[in-house]
Q: 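Let me give you the structure first, and then I'll get to my questions.
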2 protein chains.
Amino acid sequence: MLSKSAEYALRATIYIALKGSEDNKLGIDEIATAIDSPQSFTAKILQLLTKNNGVVSSVRGPNGGFYLTDAARKLPVRAVLEAVGEDGIITKCVLGLKECSESRPCPMHEQYRYIKAQLRQMFEKTTIQDLANESGKGKIVINNRQIKTK
Amino acid sequence: MLSKSAEYALRATIYIALKGSEDNKLGIDEIATAIDSPQSFTAKILQLLTKNNGVVSSVRGPNGGFYLTDAARKLPVRAVLEAVGEDGIITKCVLGLKECSESRPCPMHEQYRYIKAQLRQMFEKTTIQDLANESGKGKIVINNRQIKTK
DNA sequence: ATAAATAAAGACTATTTTATCTTTTTTCAA
DNA sequence: TTGAAAAAAGATAAAATAGTCTTTATTTAT
């Protein structure tokens, strides 16, 4: 469904939204451990998220780390996908046909149209903060375990 | 969304369903050209479809080629995905969490539950023949052009 | 029986994705 | 103003996916 990069990007972003803030920045080691992802690779992905779209903010040096601005929290989840180049799921044809469109639909087009619209809704209407809120509800989980929100 | 293998598998299967039959078997060159896929690679994928699930039938030698039995035409589209190991789209967690479930849902779980069910419906209720029928309706397309059904 | 046509099988190559490791830059605090 | 802590940047490696090419096996028709 999604690439590893996209999965890590989403999980990291949600985790940062949940546990981080401008005065509690999170280090890459904490993040990668929490979301159960390879550290260096996750660092690379966070770089994408910081520059490509300003989804994630970062500062270097002591007490540096990653956090989300209030504005970033309001971004749609799609922004995360776009930052890692993975929004094809809501833009491309299921059969991979370049010219598939309403006027020249592929054999799955009709069936998929509605589902695609739903996916788009999900990724565009849901904000990063929404996911963090879900995650904060206690029973909900990242990395096979619950995140404690103090 | 889907891998190249899955895309070619679906396109090839639809094409074979539409144009082939037990007494009009299709050669790999015709198929690959029609669906605009790399020939040898498509051959490999058709091998998967013939052995893994019996989705596609084949015979070698002169006048050999690929075709679908009547039984195969009634198979759900999911069978094609399974043959190429690509049914994760309807089985796995969006965030890639192994333990995501109803009782331990990830932050996207609620939102995705319904969509996943729709995807499953689509791939399980739709048969290969259904797609071929769609494709036969004239306006519908594989490989950026219309397939003539004589 | 033989030759030709075809898919199957296997070995190989290329590309992309995923992942790691090292060095550099920035920032803070002492 | 120096040392340490962090992310950024860059170089490299490993694994997975995509793709090609060659040989073999099977089938048919002559």
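The figures that follow rest on heavy atoms only: side chains count, while hydrogens, waters and symmetry mates do not. Small disclaimer: the values here were computed from a predicted structure and weren't measured. Just so we're on the same page: letters track the sequence lines, and every chain starts at 1.
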Q: Answer with base, sugar-phosphate or nothing: what part of the nucleic acid does B/L48 contact at a heavy-atom distance below 4.0 Å?
A: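 Answer is nothing: B/L48 stays at 4.0 Å or more from every strand.
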Q: Within this structure, what is the CZ-to-C1' distance between B/F41 and C/dT13, rounded to whole angstrom?
A: 13 Å
Q: Check the distance between D/dA8's P and A/I28's CD1 and give it to me in whole angstrom.
A: 9 Å
Q: Side chain of A/P38, heavy atoms from C-beta onward: which of C/dT20, D/dT20, C/dT18 has the nearest atom to it?
A: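 For the A/P38 side chain, the nearest candidate turns out to be C/dT20.
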Q: Sub-3.5 Å donor-acceptor pair from the side chain of B/S135 to the main-chain atoms of B/L131, do we have one?
A: no
Q: What integer distance in Å separates A/I35:CD1 from C/dT18:P?
A: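 So the CD1-P distance, A/I35 to C/dT18, works out to 14 Å.
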Q: Please, which pairs that meet side chain to side chain donor-acceptor pair (under 3.5 Å) have at least one residue in residues 55-77 of chain A, sequence neighbours excluded?
A: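 Non-adjacent pairs meeting side chain to side chain donor-acceptor pair (under 3.5 Å): A/R73-A/Q129.
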Q: Among A/L2, A/L10, A/I35, exactly one meets side-chain contact (heavy atoms from CB on, under 4.5 Å) together with B/L95. Which residue is that?
A: A/L10
Q: Just to be sure I understand the rule, does A/I45 reach a base, reach only the sugar-phosphate, or reach nothing, if contact means heavy atoms closer than 4.0 Å?
A: nothing
Q: Which protein N or O atoms sit under 3.5 Å from an N or O of nucleotides 8-10 of chain C?
A:
| from | atom 1 | to | atom 2 | distance (Å) |
| --- | --- | --- | --- | --- |
| C/dA8 | OP1 | B/S58 | OG | 2.7 |
| C/dA8 | O4' | B/R60 | NH1 | 3.4 |
| C/dA9 | N7 | B/Q47 | NE2 | 3.4 |
| C/dG10 | N7 | B/K44 | NZ | 3.1 |
| C/dG10 | O6 | B/K44 | NZ | 2.5 |

Q: Pick the closest DNA chain D nucleotide for A/I31 and for B/N63 by heavy atoms, then say which residue is nearer the 5' end.
A: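 Mapping each residue to its closest nucleotide by heavy atoms, the 5'-most match is A/I31.
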Q: How long is the line joining CD of A/E30 and P of D/dA7, in whole Å?
A: 10 Å
Q: Both A/G61 and B/T42 contact DNA chain D. Which one's nearest nucleotide lies toward the 5' end?
A: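 Going by which nucleotide is closer to the 5' end, it is A/G61.
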Q: To the nearest angstrom, how far is A/D23 atom CG from C/dC28 atom C1'?
A: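 For the pair A/D23 CG and C/dC28 C1', the rounded distance is 16 Å.
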Q: CG of A/D29 versus C1' of D/dA8: gap in Å, rounded?
A: 16 Å
Q: Over how many whole Å does the gap from A/Q39 atom CD to D/dA9 atom P extend?
A: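 From A/Q39 CD to D/dA9 P: 17 Å.
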Q: Kindly say if A/Y8 contacts the phosphate of C/dT18, meaning a side-chain N or O under 4.0 Å from OP1 or OP2.
A: no
Q: Any donor and acceptor pair, going by atom type alone, linking the side chain of A/K98 with main-chain N or O of A/C93 inside 3.5 Å?
A: no
Q: Report yes if some heavy atom in the side chain of B/I128 is under 4.5 Å from a heavy atom in the side chain of B/I14; otherwise report no.
A: no
Q: Indicate yes or no: at least one non-hydrogen side-chain atom of A/T42 is less than 4.5 angstrom from one of A/Q39.
A: no
Q: State which residue, out of B/R78, B/K116, B/K92, fulfils the salt bridge (charged side-chain N to carboxylate O under 4.0 Å, His left out) condition with B/D87.
A: B/R78
Q: Rounded off to whole Å, could you give me the NZ-to-P distance for the A/K25 and C/dT27 pair?
A: 11 Å
Q: Reading DNA chain C from 5' onward, which residue's closest nucleotide shows up sooner: A/P62 or A/K4?
A: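 Whichever sits nearer the 5' end wins; that is A/K4.
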